[in-house]
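Quick caveat: nothing in here was measured; it's all calculated off a predicted structure.
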Amino acid sequence: METELKLLLAPEHTKAFIRHPLIKRYAQAAPHIKDQTGTYFDTPDLLLRQNEAGLRVRRTGNEYIQTLKAGGGVSGGLHQRNEWESLVEGEQPDLPVLRELAASDETWARKVFSDKTAAQLTPIFSTRIQRMVWDLVLQDGSEVECVLDQGTVEHGDLKVDVCEIELELKQGEASALFDFALQLLQDLPLRIGIQSKAQRGYGLFHQARRAQQGIAASSSASRAKPLQLTRKMPVEQAFLAVVNNCVEQIQANDIADQDSDDIERLHQMRVGLRRLRSAFTLFDPVITLPASLAAEFEWVTQAIGNARDWDVLATQTLAALPAHAIGAIDLERVRHAALVEAGKEHALAVQAVGSPRYTALVLQFSRWLLTAGWRDGLDEAGQEALSQALFRYARQMLRRDEKRLNKRGAHLEENDRARHRTRIAAKKMRYDIEFFQALYGEKSSRPYLKALSRLQDQLGLQNDLVVADALLQQLQQKQARLAPSIAYARGFLAGQVKDGHERMHRLWKKWKAQELPQ
């Protein structure tokens with residue numbers, strides 16, 4: 001199993017990295033430099049990619065090495081994958097040799113190592129990299145191969161630049177990689193590297209294919225994947241599964257990593273962060289997130305949330321105005337002004353996610369997860385709570401969620417703040433039921449989740465209208481010439497808020513009539 005931490009570095013900071021005191025202190029010798037070219041292979045229908053495998057033949061000098069990576073995953077920049085490699089005679093891979101090395105009978109292996117696959121392998125993209133390598137022995141004795149890669153990933157005429165640091169653990173604890181990265185971060189503006197070179201290459205391949213077919217690029221946003229939990233699973237194991245599921249969604253939609261203008265990516269990254277914070281609340285009785293990390297998650301969620309609020313106003317809420325009313329106001333100028341503000345907030349959100357502060361958050365949080373930091377100083381009762389069966393705990397937490405939602409919903413009539421608090425309670429409960437859905441089965445949980453989702457969606461629409469009014473007031477202060485049109489829009493939306501109350505109450509009653517999943 002290969003374990004490495006990938007960090008991105010701007011080319012203008014490479015000299016500072018090479019000369020960094022930490023490199024000089026821990027390096028066992030001067031770095032050695034390699035010029036490497038690599039070709040990645042797959043079938044025309046990308047069978048390897050579909051099975052989360054990657055096959056490469058890399059040339060270094062006169063030597064050719066084939067490498068297959070499969071399984072594992074990425075969390076907080078820590079890449080852990082199975083890796084097999086061997087020498088080959090030339091630029092073509094020798095799949096039977098890798099089949100013997102892997103010696104796996106898993107489904108992916110049977111597909112990847114079949115004779116049919118071997119016969120269909122073809123070059124998909126290539127890499128041209130200058131690699132600088134140091135062998136480090138860190139303060140705690142961990143042995144790390146430190147690599148600085150600079151070059152390009154290429155497919156036809158398309159290419160993307162590469163400038164990244166890889167810290168591969170050779171011996172010791174993986175936590176040492178995070179400690180070393182955090183030390184580097186004090187002097188260098190590093191970012192977490194989520195995408196491998198293979199992922200970038202496949203991205204270019206799909207970009208070229210879309211261009212050939214005349215297909216416009218679609219959103220690269222990713223939704224959360226289904227969770228596989230079991231009733232007898234220990235609570236601690238479930239916590240890690242839920243949190244890693246949320247982290248995967250956040251990483252997949254990192255707005256500073258690619259497609260920073262994609263509003264759906266920003267939306268899904270925000271959803272991932274909200275699910276993660278809901279998970280912290282869900283498991284707080286047995287696992288408490290350090291206050292310093294909680295504050296940083298609040299900061300980045302707020303930065304992304306500001307941009308999302310303006311997106312909703314510009315692309316959804318203003319679109320609710322009826323066609324006959326549009327002629328009475330200059331709606332397009334209002335919408336354009338809202339889009340301009342959304343663009344500004346997007347830039348701030350990307351800046352936040354691309355900042356050393358966010359990198360530090362990801363590194364610190366990933367280290368906390370890796371080392372099970374919540375166990376520090378834990379007494380016997382706390383350890384027993386972590387090992388209890390998930391089904392019992394889940395039932396207790398869903399009952400707590402239901403009680404909280406009932407309590408807040410009793411004040412729905414009072415004001416916007418009361419409805420906002422009810423919405424938050426409904427949203428958290430919805431996330432929690434989705435986390436635990438595998439425990440109850442879709443058939444058992446569907447009616448309750450459907451009623452709850454409809455209630456939460458309606459409360460969300462009501463909240464969007466309230467937020468829209470506040471944003472339009474801000475816009476009016478900046479764009480006085482749009483005051484008449486903004487005043488008309490605010491008046492119409494205020495009417496929508498009132499109209500939505502009746503539907504909200506109907507959905508509240510429907511949810512109240514449901515029984516918790518068994």
Side-chain angles (χ1 to χ4, degrees), residues 267 270-271 273-282 284-285 298 301-302 305-306 308-313 315-322 394-437 440 444-474 489-518:
H267 174 49
R270 185 195 194 192
V271 170
L273 284 164
R274 285 182 161 182
R275 292 176 69 241
L276 181 62
R277 294 174 67 199
S278 184
F280 295 150
T281 302
L282 177 63
D284 185 65
E298 170 69 25
T301 302
Q302 184 63 49
N306 291 339
R308 177 59 184 168
D309 287 344
W310 280 101
D311 282 338
V312 171
L313 172 66
T315 64
Q316 297 179 26
T317 308
L318 291 177
L321 272 75
R395 190 71 181 169
Q396 292 173 343
M397 292 302 101
L398 292 184
R399 283 174 176 162
R400 184 191 67 172
D401 287 348
E402 192 172 55
K403 181 179 179 180
R404 178 177 56 203
L405 181 52
N406 269 307
K407 184 177 179 180
R408 293 186 179 179
H411 303 281
L412 273 175
E413 294 285 358
E414 293 181 2
N415 50 46
D416 292 333
R417 182 175 182 276
R419 286 183 283 275
H420 172 68
R421 284 170 54 80
T422 305
R423 179 183 67 87
I424 295 299
K427 179 179 63 180
K428 286 184 176 180
M429 188 174 191
R430 177 180 178 176
Y431 288 152
D432 292 350
I433 291 180
E434 289 173 345
F435 290 149
F436 294 144
Q437 191 167 11
Y440 307 106
S444 174
S445 59
R446 187 192 302 127
Y448 193 96
L449 186 57
K450 183 178 180 180
L452 179 61
S453 298
R454 286 181 172 178
L455 172 63
Q456 190 240 314
D457 288 345
Q458 181 61 33
L459 289 167
L461 288 174
Q462 298 291 98
N463 186 69
D464 287 344
L465 295 172
V466 173
V467 171
D469 186 70
L471 296 182
L472 286 170
Q473 289 185 61
Q474 294 179 32
R490 288 183 62 201
F492 176 82
L493 296 177
Q496 293 289 96
V497 172
K498 294 179 181 179
D499 293 342
H501 285 178
E502 183 179 347
R503 176 173 171 76
M504 176 184 66
H505 286 295
R506 287 201 311 270
L507 294 174
W508 173 260
K509 291 178 180 178
K510 288 184 178 180
W511 169 74
K512 290 274 288 182
Q514 298 296 324
E515 294 289 335
L516 269 176
Q518 299 293 326

Under the side-chain hydrogen bond (donor to acceptor under 3.5 Å, both in side chains) rule, what do H420 and R423 come out as? Steps first, then yes or no, please.
CA-CA 5 Å; H420 172 68; R423 179 183 67 87; 3.1 Å; yes
Evaluate L516 against R399 for side chain to side chain contact (heavy atoms under 4.5 Å, CB included), listing each step before the verdict.
CA-CA 8 Å; L516 269 176; R399 283 174 176 162; 3.9 Å; yes
Chi angles and distances behind the side chain to side chain contact (heavy atoms under 4.5 Å, CB included) call for L465, F492:
CA-CA 10 Å; L465 295 172; F492 176 82; over 6 Å; no
L282 vs F436, side chain to side chain contact (heavy atoms under 4.5 Å, CB included): CA-CA, chis, key distance, verdict
CA-CA 11 Å; L282 177 63; F436 294 144; 3.6 Å; yes
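Between R400 and K403, every side-chain heavy-atom pair lies at or beyond the 4.5 Å cut-off. At a threshold of 4.5 Å between non-hydrogen side-chain atoms, the residues L313 and V467 do not count as touching. Proximity of M504 to L412: side-chain heavy atoms (C-beta onward) are separated by under 4.5 Å at one or more points. Residues D432 and M397 have side chains not in contact (no heavy-atom distance under 4.5 Å, counting atoms from C-beta outward). Residues D309 and L471 have side chains in contact (heavy-atom distance under 4.5 Å, counting atoms from C-beta outward). Here the side chains of T281 and R277 are not in contact, with every heavy-atom distance at 4.5 Å or above. The shortest distance between side-chain heavy atoms of D457 and R430 falls below 4.5 Å. Between L459 and L455, the closest side-chain pair of non-hydrogen atoms falls below 4.5 Å.
A pairwise comparison of heavy atoms in Q496 and Q462 identifies O-OE1, 4.1 Å as the closest pair. Across all their heavy atoms, Q474 and W310 have their closest contact at OE1-CZ2, 3.9 Å. Q302 and N306 get closest at one heavy-atom pair: NE2-OD1, 2.8 Å. Taking each heavy atom of L405 and A426 in turn, the nearest pair found is CD1-N, 3.7 Å. The nearest pair of heavy atoms linking A489 to L472 is CB-CD1, 4.3 Å.
Ring-plane geometry between W508 and W511 is classed as tilted, the angle between the planes lying from 30 to 60 degrees on a 0 to 90 degree scale.
Residue E414 places its CD atom among more than 12 non-hydrogen atoms of other residues, nucleotides or ligands, all under 6.0 Å distant. The neighbour count for R404 CZ, taken as heavy atoms of other residues, nucleotides or ligands under 6.0 Å away, is above 12.
Side-chain atoms of S278 never come within 3.5 Å of backbone atoms of R274 as a donor-acceptor pair (strictly under, hydrogens ignored). Using a distance-only test at 3.5 Å, with no hydrogens or angles considered, no donor-acceptor pair links the side chain of S444 to the main chain of P517.
With rounding to the nearest 0.5 angstrom, the OG atom of S453 is 13.5 Å from the NZ atom of K427. Note that OG1 of T317 is 5.0 Å distant from CG of D464, once rounded to the nearest 0.5 Å. Distance check: Q514 CD to K450 NZ gives 9.5 Å after rounding to the nearest 0.5 Å. Here CZ of R395 is found 6.0 Å from OH of Y440. Values are rounded to the nearest 0.5 Å. Of the inter-residue distances, the one linking I424 atom CD1 with R421 atom CZ reads 10.0 Å to the nearest 0.5 angstrom.
Remark: the H267 side chain and the R270 side chain contain no N/O donor-acceptor pair separated by less than 3.5 Å. In this model, no donor atom of one side chain and acceptor atom of the other lie less than 3.5 Å apart for E402 and N406. Inspection of the H505 and E413 side chains reveals an N or O donor paired with an N or O acceptor under 3.5 Å.
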